[in-house]
Amino acid sequence: MAGIGLPLTFAGEVRPATMLIRPLELIPLYATEWIIVAVIGIGVCGVATALDAVHMRLRTGIDENVASRAAFAAIVAASVVLGAQIWLNSFGYNPLSLNGWHSLLLAVAFIAGAVVAWHRCRETLSRLAALARPLALLGSITLLSTTFVRGASPVAPVLPANSLTQRVEHPNIVLISLDALSADHLSPYGASRTTSPNIAALASQSIVFERFHANGNFTTPGVASMLTGVLPWTHRAFQLAGRPNVESVAESLPARLHAAGYLTAYFSSNPWAGARRQGFSAYFDHHDSSPEWETAPCFDGVSDRLPYICPASSNPLIGLPFKSAVRVAGAIGLLNPSRYADPEQLVTAAEIWLKQNNSAPIFMWVHFLPPHDPYAAPKPWLGRFDPSAVAATAATSHPRFLFDAALDPPSRISALEVRYDESISYVDHYVGQLLMTVRAALGPNTAIMLTADHGESFSHDYGGHGGVMLYEDLLHIPLILRLPGESTASERRVDLSDQADLAPTIAAIAHVAPSPNWTGVSLLERPSRSGERTIFAMSFEQNESRGRLSTGSVAAMRDNWKLVRFIGTPRYPKMPRLDTELFDLATDPREQQNLAATQPDLVAGLSTQIDEQLERHGGPVGE
């Protein structure tokens, strides 16, 4: 496996890997994969040896080492197919799906290929086996690189002496984020169903920002913008397994709060929203992230110790065995592999920590995975809005992602949307429990912010989240801010704001000096001319994270207008032709009427702003 399978699959992985890491870091990435493959290989060898022993006992007359040869042939066949697959995937082509029945058929094909190869290609396999030994030895030498190549490490900022002013008591700050939560599905934002009574109760005593937007359309860029105070084209966390650059992390909100004396902690049930996985480990005193088994072995809890574990997980020679083991363990009851992480466990962990660490000042970030798919919530929330059996299980309540959603009939989309709303009710219950815990443990001198990393799409024949499209259901997310104190006054704000504003807003509440490099603004200060501000959202996941930005999409929003520009040549399965889009969100909030052809001056003006920003931020960056 380490001598033939790993070189073949890694060759196909080089291009997508360099979208995340520097070319020099390919060596420690290979070393990380070598270690994992070696561990898996030990298991494979153990099984093969056992089968050989059984064969020898039975003395069936078949050649010795039949299991070993068959396993070796399967590894070669799998490596060639999977290496070609990930190589084609890096160019936007997806000829082979590795989900569901396709995985089973692929496994059967590998077994059949191994049998044929064993009978017809024994001599060739023997030669390959001889070649595998020196290649495995050569791969083991890359282990030395982990001593010398570990990537750059962030350095905490040196704050000015007045970074924590002494004239007021510094409040506790609790940041709550919900995964894949569109604002329009919440009761305080006019949802048609009663999805969120506890969040509505919080909103009744808070500032509700009605036009708050994500800076990206999936978890990694959104969380990075929340914590760094800069936009994705600055922090460069473009891909799911990406990380913000060192400068952005070093100047981030957690770094500044930690340096100023705040006790910092986070709790997350989504590894992609884990502070360790995103590189913020040094600035959190407490880490608590539930393992999300479908992403194994890319666990948040080990990613700071093995910084290349997440890129390594994308190698199917590693990812498929882990996923297979998880499914087998789930089937026999050894673990619950569901992606639908239990919010009760998250709240319990936060409550235990707060009881032990309730001395001010505290910054606590809690990230819930629901209402992320699968949408089917447990009872009694399941069936609250639709008692039918449609999309009522974890296996049947996944959306078709991106342009594949066009294959689903409207009835299926409607059913998924209902389950999504039930999932919001489910997590709302535990948000209510968390709020009671926070108030009891920390008292009134606590600021509470509730938001999301991104939204979820059920329209425009576009499903789930991510990809190149930047619709409002993906970008329009909640922001509810309850300031410290006993005041129960509520307020609605209609000025444009975005995730990069969270860091300077929290810094202002904490009386901590903001970074001069942050592009967000404090929302505690009312903009004097809010109609003149332009905010941006973007997708650059098909670019090298530290390279020049050449393909993707950018949305520019100013006043009631939203322009979406597509840059370069994005490649996604079933993608239609993409044209520049302009929407008047005041009269067309669902973005049904593209006005780009009738408003050339607006298109030109917003396009100029996008071009200016790309000129400033779109070039290659170093670390």
Side-chain angles (χ1 to χ4, degrees), residues 170-181 183 186 198-199 202-203 206-209 212 214-215 219 222-229 244 249 252-258 260 262-270 272-276 278 280 283-289 300 343 346-347 349-351 353-354 357-358 360-369 427 430-435 437-439 441-442 445-454 477-484 497-512 514 518 520 522-524:
H170 308 291
N172 301 298
I173 298 168
V174 176
L175 173 62
I176 303 171
S177 52
L178 280 67
D179 212 293
L181 178 63
L186 287 179
N198 290 299
I199 295 175
L202 174 66
S206 306
I207 304 171
V208 177
F209 293 83
F212 187 72
N215 294 128
T219 296
V223 167
S225 288
M226 287 164 52
L227 298 182
T228 64
V249 173
S252 67
L253 175 70
R256 302 185 82 77
L257 291 176
H258 190 268
Y262 266 79
L263 184 63
T264 54
Y266 82 93
F267 302 82
S268 175
S269 54
N270 182 349
W272 306 113
R276 281 184 285 200
Q278 288 227 18
F280 297 95
Y283 309 125
F284 279 91
D285 300 301
H286 179 82
H287 311 76
D288 195 311
S289 182
D300 177 57
L346 204 65
V347 172
E351 181 177 8
W353 183 83
L354 280 174
N357 302 274
N358 56 7
I362 283 173
F363 171 67
M364 184 174 74
W365 170 37
V366 182
H367 184 90
F368 291 93
L369 184 59
V427 73
Y430 290 101
V431 168
Q433 287 194 2
L434 177 63
L435 292 173
T437 296
V438 166
R439 288 164 181 154
L442 299 180
N445 190 31
T446 302
I448 300 172
M449 307 180 79
L450 185 140
T451 186
D453 54 353
H454 57 84
I477 58 175
L479 176 60
I480 299 171
L481 168 59
R482 191 186 193 282
L483 294 172
S497 51
D498 63 23
Q499 285 172 323
D501 297 332
L502 284 178
T505 302
I506 292 175
I509 294 171
H511 307 286
V512 170
W518 289 348
S522 171
L523 298 177
L524 299 186

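These values consider heavy atoms only, across backbone and side chains, with no hydrogens, waters or symmetry-generated copies.
With sequence neighbours left out, the side-chain hydrogen bond (donor to acceptor under 3.5 Å, both in side chains) criterion links Thr505 to no other residue. Ser206 meets the side-chain contact (heavy atoms from CB on, under 4.5 Å) test with Leu202, Ile480, Arg482; sequence neighbours excluded. For Arg276, the salt bridge (Lys or Arg N to Asp or Glu O under 4.0 Å) partners are Asp300, not counting sequence neighbours. Every side-chain contact (heavy atoms from CB on, under 4.5 Å) that Ala441 has, sequence neighbours left out, goes to Leu354. Checked against salt bridge (Lys or Arg N to Asp or Glu O under 4.0 Å), Asp179 has no partners two or more places apart in sequence or in another chain. Remark: Asp285 pairs with His258, Thr264 by the side-chain hydrogen bond (donor to acceptor under 3.5 Å, both in side chains) rule, at least two apart or across chains. In terms of the side-chain contact (heavy atoms from CB on, under 4.5 Å) criterion, residue partners of Ala500 (sequence neighbours excluded) are, by chain and number, Asn215, Leu231, Asp498, Thr519. Contacts of His287 classified as ring-ring contact (aromatic ring centres under 6.0 Å, His included), with partners at least two apart in sequence or in another chain: Tyr266. Scored by the side-chain hydrogen bond (donor to acceptor under 3.5 Å, both in side chains) test, Ser225 finds His235 as partners (sequence neighbours excluded). For Ala452, the side-chain contact (heavy atoms from CB on, under 4.5 Å) test picks out Leu181, Ile477, Pro478, with sequence neighbours left out.
Using the six-membered ring where Trp is involved, Phe363 and Phe284 have ring planes that are tilted, between 30° and 60° apart.
With hydrogens and angles ignored, the 3.5 Å screen pairs a side-chain donor or acceptor of Asn172 with a backbone N or O of Ile362.
The shortest distance between side-chain heavy atoms of Met226 and Thr451 falls below 4.5 Å. The shortest side-chain heavy-atom distance between Leu450 and Leu178 falls under the 4.5 Å cut-off. No side-chain heavy atom of Tyr283 sits less than 4.5 Å from a side-chain heavy atom of Arg256. Side-chain contact check for Leu253 versus Phe280: every heavy-atom pair is 4.5 Å or farther apart. The side-chain heavy atoms of Phe368 and Leu434, taken from C-beta on, include a pair separated by under 4.5 Å.
Taking CG of Leu257 as the start and CG of Leu227 as the end, the distance is 10.0 Å to the nearest 0.5 Å. Here the NE2 atom belonging to His367 is positioned 12.5 Å from the CH2 atom belonging to Trp272, to the nearest 0.5 angstrom. To the nearest 0.5 Å, atom CG of residue Leu175 and atom CG of residue Leu481 are 10.5 Å apart.
Checking Ser177 against Asp453 by side-chain atom types alone, no donor-acceptor pair falls below 3.5 Å.
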